Chemist: 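Here's a structure for you.
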Amino acid sequence: MASVTDPQSDEPAEEPTPSRTKRLSTYGLVAVSVVALAVVIVGLTLPGPEPELTTAPPPSTEAPSSAAAPTENKVVDEPFDPKAPIPGCDTVEVPDEPTYSSRVTTGRPGYDNPKFPWFNGPKATAMSTALAQDLPAGAEIDFASPSASLVFQPISDFGDDDPTGTTNAYGSVSNGDARGGVQIAVQKSSRPIPPCVAGQLDERRSLPDGVVVDLQDTWREINGTRTNTRSASAYVPDGSWIYASSNDSVGNTGGQNSGRIPLTIDDLVRIAGDPRLRVTAAVTAGTPAPSQGCSGPSAFDSANGPAVTREQAKRLDRVLATIDFGGPSPGPLQLTDFSDDALCVSVPDAMGGATIDIAIAGGRTPPAEERPDPVSGAQKTRRVLQDGTVVQTLFANYAPALGPDGGDSRPQSANSVVVTRPGGTEITIRSSAVSPNSATPLERLESIALTPGLEL
């Protein structure tokens, strides 16, 4: 998804004193980031997800085929009058031509990065709670994984000396018959309030506490599909820059719009001006960090089952609550990262210090019997119950491979059970432990997976 970042370091080195108009562009750039191995592509505008701002494979060096070359996207932005006055602005500047740059980061971002002392896990939770409370009455965050549920994410570290950093929260919101994407970005910045530039804002408001908010209500068409977007950019005296936007885009592939934006301009001003989102806002002691999300097993990668609803997840939560895990009970099931057809949850310190990971998905086909693999050393079994349920088990002991930074070299054990019901529900339960603890026995995992009612 898109993430807002401050690309000042991307300005050409030969321009030590950029124009006031170019300085404005540092507050209006968009980036597309991929977690774990992130390639960030920076563009000028801040609408919803756009096909042309996605990462693309490198150009082929092979001879061109006879197939027709793909056509370029046709992009049309809302026209504007560069000479028109802007409410709240004494002067209006003419915009420069847009410029683009990119940045790359490796590794999975994490909370509590000492490079960004103003932000950590508890701070992210407090900000996310405030954001949810700022939504208008009747609005609801659509069911999604934590990273797509308006939860502020870790700051990506690009390895440079820029200590600002940006945390982003994304999600889809429904408000009556209006539905669309919402993005909030918070950044620590020492830059002055930028000038008013035609086409970059429709109005500038000054709030009683000294916060200046730039507002825009605009649209962009891509290949004839129009996406409407509203945004509010707040420049706070304490050094916070808070950006709030909402659009009418639905779905993950673009080209799908509801026609109505779920948040009004006043909603966005309320969010961008909330003191609880600022970099200097205090956090109550004992506030936990947000959930880091979870993933399903690799078997989920090749299947596309029906989307799981919030009501289905709550029903399965009630089933899991009846099971004795020999330790803490599992938290609420959540959608897996990058998928809407599988649920997952992790149970740490269950049954003698082992961790239990649970994943549940629908629309699966019973697996075929695999050939024995004498090289892996893993012990596998497969059997079919009378009702057609397929039960697979896997047991393995292994020593982890140590990286350049070392790590825990103690032996580890892992047990896995995959139960595929005739109706297509697949329940995967995996337990792992580090010596001297042992993974939860396969018999116990199988009993959990076969619990009545644990089906979509």
Side-chain angles (χ1 to χ4, degrees), residues 145-146 291-303 305 308 312-339 341-370 376 378-385 387-398 412-435 437-456:
S145 65
S291 169
Q292 291 291 292
C294 54
S295 301
S298 59
F300 291 169
D301 296 344
S302 60
V308 182
Q312 288 177 308
K314 289 181 177 180
R315 177 178 59 80
L316 293 175
D317 284 339
R318 292 192 292 270
V319 176
L320 289 176
T322 66
I323 301 173
D324 180 13
F325 285 88
S329 299
L333 285 162
Q334 56 194 30
L335 285 174
T336 60
D337 293 331
F338 316 115
S339 172
D341 65 347
L343 300 166
C344 59
V345 69
S346 182
V347 189
D349 297 324
M351 300 184 183
T355 295
I356 295 179
D357 296 306
I358 302 172
I360 304 173
R364 267 46 180 181
T365 302
E369 188 167 1
E370 299 180 14
S376 68
Q379 302 175 27
K380 298 181 180 181
T381 67
R382 179 185 184 276
R383 72 183 195 278
V384 181
L385 306 185
D387 64 354
T389 297
V390 177
V391 180
Q392 297 170 287
T393 68
L394 171 67
F395 165 76
N397 283 317
Y398 59 94
Q412 299 183 20
S413 59
N415 288 333
S416 299
V417 171
V418 179
V419 169
T420 307
R421 295 290 194 176
T425 298
E426 182 180 86
I427 305 102
T428 301
I429 303 185
R430 181 179 186 273
S431 176
S432 58
V434 177
S435 180
N437 298 321
S438 299
T440 305
L442 287 169
E443 294 78 8
R444 181 60 183 141
L445 298 181
E446 183 176 319
S447 174
I448 294 173
L450 293 172
T451 299
L454 204 61
E455 291 188 64
L456 290 170

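In this text the structure is predicted, and so the values were computed from the model without any measurement.
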Chemist: Once you round to the nearest 0.5 Å, how far does CG of Asp357 lie from OG of Ser431?
Modeler: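 Between atom CG of Asp357 and atom OG of Ser431 there are 8.5 Å.
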
Chemist: Between Arg430 and Thr355, is there a donor-acceptor pair closer than 3.5 Å when you use the side chain of the first and the backbone of the second?
Modeler: no

Chemist: Arg382 versus Val418: any side-chain heavy-atom pair under 4.5 Å?
Modeler: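 Side-chain contact under 4.5 Å: no.
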
Chemist: Of Leu320, Ile323, Asp317, which is the lone residue that meets side chain to side chain contact (heavy atoms under 4.5 Å, CB included) with Pro330?
Modeler: Leu320

Chemist: In Å, rounded to the nearest 0.5 Å, how long is the span from CD1 of Ile358 to OG1 of Thr428?
Modeler: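 Ile358 atom CD1 to Thr428 atom OG1 measures 10.5 Å (nearest 0.5 Å).
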
Chemist: Does any part of the side chain of Gln334, heavy atoms only, come nearer than 4.5 Å to the side chain of Pro146, both counted from C-beta?
Modeler: yes

Chemist: Is there a donor-acceptor contact under 3.5 Å from the side chain of Ser416 to the main chain of Leu394?
Modeler: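 No.
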
Chemist: Taking all atoms of both residues into account, what is the closest heavy-atom pair of Ala439 and Ala433, and its distance?
Modeler: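 Taking Ala439 first and Ala433 second, the nearest heavy atoms are N-CB, 3.6 Å.
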
Chemist: Identify whether the distance between the nearest side-chain nitrogen and carboxylate oxygen of Asp341 and Arg364 falls below 4.0 Å.
Modeler: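 Salt bridge: yes.
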
Chemist: Does any part of the side chain of Asn415, heavy atoms only, come nearer than 4.5 Å to the side chain of Thr440, both counted from C-beta?
Modeler: no

Chemist: With rounding to the nearest 0.5 Å, note down the distance linking OG in Ser145 to CG in Leu343.
Modeler: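 It comes to 11.5 Å.
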
Chemist: From Gln312 CD over to Glu455 CD, what is the distance, rounded to the nearest 0.5 angstrom?
Modeler: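 Reported value, rounded in 0.5 Å steps: 12.0 Å.
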
Chemist: Contact between Asp387 and Arg421 at the side-chain level, heavy atoms closer than 4.5 Å - yes or no?
Modeler: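 They are in side-chain contact.
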
Chemist: Should Thr420 and Thr425 be marked as a side chain to side chain contact (heavy atoms under 4.5 Å, CB included) after you check the CA-CA gap, both sets of side-chain angles, and the distance that decides it?
Modeler: CA-CA 6 Å; Thr420 307; Thr425 298; over 6 Å; no

Chemist: If you take all heavy atoms of Ile429 and Ala449, which pair is closest and at what distance?
Modeler: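 In this case the closest contact between Ile429 and Ala449 is CD1-N, 3.5 Å.
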
Chemist: Could you report the tightest heavy-atom contact between Thr322 and Arg318, atom names first, then the distance?
Modeler: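 Heavy-atom minimum between the residues: CG2-O, 3.4 Å.
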
Chemist: Taking the side chain from Ser435 and the backbone from Asn437, do they hold a donor-acceptor pair closer than 3.5 Å?
Modeler: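 Not a single qualifying donor-acceptor pair exists.
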
Chemist: Test side chain to side chain contact (heavy atoms under 4.5 Å, CB included) on Val417 and Arg444; report intermediate values, then the result.
Modeler: CA-CA 10 Å; Val417 171; Arg444 181 60 183 141; over 6 Å; no

Chemist: Answer yes or no: is there a side-chain heavy-atom contact under 4.5 Å between Leu456 and Glu426?
Modeler: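 Not in contact.
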
Chemist: What's the shortest heavy-atom distance between Val347 and Pro328, and which atoms?
Modeler: CG1-O, 3.2 Å

Chemist: Determine whether Thr389 and Leu450 make a side-chain contact, defined as any pair of heavy atoms from C-beta on separated by less than 4.5 Å.
Modeler: yes

Chemist: Please give me the minimum heavy-atom distance between Leu333 and Leu316, naming the atom from each residue.
Modeler: CD1-CB, 3.5 Å

Chemist: Taking all heavy atoms of Ile448 and all of Leu454, pick out the closest pair and write down the distance.
Modeler: O-CD2, 3.6 Å

